[in-house]
Amino acid sequence: MPELPEVEVVRSGLDPAVTGAAIHGVEVFDRRSLKRHSPVEGDFERLLQGRTVLGAVRRGKFLWFPLSESPQSGPQALVAHLGMSGQVLLRTPGFEEAGLLRIRLHIEHPQHGEFWVNFVDQRIFGSMAVDRLVPTLDGAPAGFAGTARTAAALVPSQVAHIARDPLDPAFDERAFFAALARKRTGIKRALLDQTLVSGIGNIYADEALWAARLHYEHPADRLSRPRARGLLAEVRLVLEKALAEGGTSFDAQYVNVNGASGYFSHSLNAYGQQGKPCARCGTPLVREQFMNRGSHLCPHCQRRPRARPVAPVE
DNA sequence: CCTCACACCTGGGTGC
DNA sequence: TGCACCCAGGTGTGAG
């Protein structure tokens, strides 16, 4: 559920408190939350002990914190993915966490003092890991590090296959359109494919498709270039709008992506709106099963495309 | 190579 | 009240 806007809210909230802070303690309460940590890198707790956090970077839904170099290793970062239900919470030491606490970092910032960074995750789809940083293929900054900071052109190895997100200045539109034109699948599946474009999840996919008046099964390779451009514009609009709404109501010192507060539900036009009238035409919106998840759409504005002609069999 | 179904998880909700 | 069941969906994997 946390998609690009929610993860960015977490990144921007953590950034001032963790950048420059030293990690002086690590507690792992559930090893399952380390499923993305490769033992080849070394022991998770030992790798973090004594390192200084150099920043907070995001690409799509992936978040990482570059670490000061240790003598034994090349550049590394602490990687976090929130999965479905993950939260990274900045807490005053001693705070009793109500949710399912999986990992706790003890950090000390030269100006702001001591904090706990609590990784809470009900469903354990999220995780933390220490990963090595590798150069980006295009040489551009690896992700978004805040308006005042430029990310290095180094990306965690496990994030290297993730496409840039559509708000990244280095997002390659030409490559994206070309990739879309090669996809023999429905447009929603393509939007959710993080190797094509990252940061979009079920909620904002439905919102962008509604705005672009596209059915989720519209073949990606049969989208005209203008319609593909229009869709990308709607994706950006939806993400930026959510970002603007989420970025304001919130104390930068204390990060809380707690459930509903992060989901801007008041401004949704499609997701979860089944039964309500379409904001454009008044037709009741419907919810359908697609890809084992809910898809919300207007049956009038978003017509199912006619079936692809069956390929002749030799 | 590509596409797609499925496993991974558990609190909260529903129906009996 | 209790309990079995179902649902939410991001990502990695492996089948075909």
Side-chain angles (χ1 to χ4, degrees), chain A residues 1-8 10-11 28-40 58-64 79-88 97-103 119-129 131 155-163 165 178-209 216-222 235 239 242 257-260 262-263 265 268 270-274 287-297 307-308 310-311 313:
Chain A
M1 302 269 264
E3 305 179 26
L4 186 154
E6 292 78 24
V7 179
E8 175 53 27
V10 173
R11 192 210 63 76
V28 178
F29 303 105
D30 194 324
R31 310 299 297 185
R32 292 176 299 177
S33 291
L34 299 181
K35 65 180 175 190
R36 284 188 182 82
H37 178 80
S38 166
V40 175
R58 180 192 53 74
R59 174 188 290 197
K61 306 170 197 173
F62 277 86
L63 195 57
W64 68 90
V79 182
H81 196 289
L82 303 180
M84 288 291 300
S85 53
Q87 297 169 267
V88 185
E97 208 60 68
L100 287 165
L101 180 61
R102 308 298 187 183
I103 298 170
F119 184 70
V120 172
D121 190 10
Q122 179 204 122
R123 273 171 266 188
I124 327 187
F125 278 29
S127 65
M128 284 188 155
D131 194 8
V155 64
S157 68
Q158 64 184 265
V159 185
H161 70 291
I162 299 292
D165 62 64
L180 264 192
R182 265 182 265 119
K183 280 280 162 192
R184 311 258 318 159
T185 188
I187 186 61
K188 181 167 177 179
R189 208 184 286 276
L191 282 183
L192 294 175
D193 182 346
Q194 306 294 301
T195 67
L196 280 188
V197 55
S198 67
I200 306 163
N202 201 42
I203 297 174
Y204 298 116
D206 280 3
E207 290 299 307
L209 290 172
Y216 55 81
E217 275 188 328
H218 194 104
D221 60 352
R222 281 161 74 195
V235 165
L239 295 178
V257 275
N258 205 343
Y263 292 118
S265 50
L268 294 175
Y271 184 84
Q273 307 300 302
Q274 60 271 25
R287 180 181 188 281
E288 297 175 3
Q289 282 292 121
F290 175 65
M291 289 176 74
N292 263 334
R293 25 171 83 59
S295 276
H296 311 74
L297 71 159
R308 183 190 295 278
V310 178
V313 183

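Naming: A, B, ... by sequence-line order, numbering from 1 per chain. Values in this document were obtained by computation on a predicted structure and should not be read as measured data.
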Exam field: side chain A:Asp30 to backbone A:Arg102, donor-acceptor pair closer than 3.5 Å: no
Residue closer to the 5' end of DNA chain C, A:Gln289 versus A:His161 (nearest nucleotide): A:Gln289
Nearest-nucleotide pick for [X], side chain only, options being [options]:
X        : options               : result
A:Arg184 : B:dC9, C:dT11, B:dT3  : B:dT3
A:Gln122 : B:dT3, B:dG11, C:dG10 : B:dG11
A:Arg102 : C:dT11, B:dC4, B:dT10 : B:dT10
A:Arg293 : C:dT11, B:dA5, B:dC9  : C:dT11

Sugar-phosphate only, base, or nothing, as touched by A:Gly294 at under 4.0 Å among non-hydrogen atoms: sugar-phosphate
Sugar-phosphate, base or nothing in reach of A:Lys61, heavy atoms under 4.0 Å: sugar-phosphate
Euclidean distance, atom [atom1] of residue [X] to atom [atom2] of [N] [Å, nearest integer]:
X        : N      : atom1 : atom2 : answer
A:Leu191 : C:dG10 : CG    : P     : 12 Å
A:Phe290 : B:dC4  : CZ    : C1'   : 10 Å
A:Met84  : C:dC7  : CE    : P     : 14 Å
A:His37  : C:dG12 : NE2   : C1'   : 18 Å
A:Leu196 : B:dC4  : CG    : P     : 12 Å
A:Asp121 : B:dG11 : CG    : P     : 11 Å
A:Tyr271 : C:dC7  : OH    : C1'   : 11 Å
A:Glu217 : B:dC4  : CD    : C1'   : 13 Å

Think [X] has a side-chain N or O under 4.0 angstrom from the OP1 or OP2 of [N]?
X        : N      : value
A:His81  : C:dG10 : no
A:Arg123 : B:dC8  : no
A:Lys183 : B:dC2  : no
A:Thr185 : B:dC4  : yes

Polar pair under 3.5 Å, donor/acceptor by atom type, side chain A:Arg36, base C:dG12: no
Short N-O contact, A:Asp221 and A:Arg184, less than 4.0 angstrom: yes
Check against salt bridge (charged side-chain N to carboxylate O under 4.0 Å, His left out), A:Asp165 and A:Lys61: CA-CA 9 Å; A:Asp165 62 64; A:Lys61 306 170 197 173; over 6 Å; no
Side chains of A:Val155 and A:Arg59 in contact at under 4.5 Å (non-hydrogen atoms): yes
Atom of A:Gly86, atom of A:Pro2 and distance for their closest heavy-atom approach: O-CG, 4.5 Å
Closest non-hydrogen atom pair, A:Asn202 against A:Lys188: OD1-NZ, 2.7 Å
A:Asn292 vs A:Asp30, nearer the 5' end of DNA chain B by closest nucleotide: A:Asn292
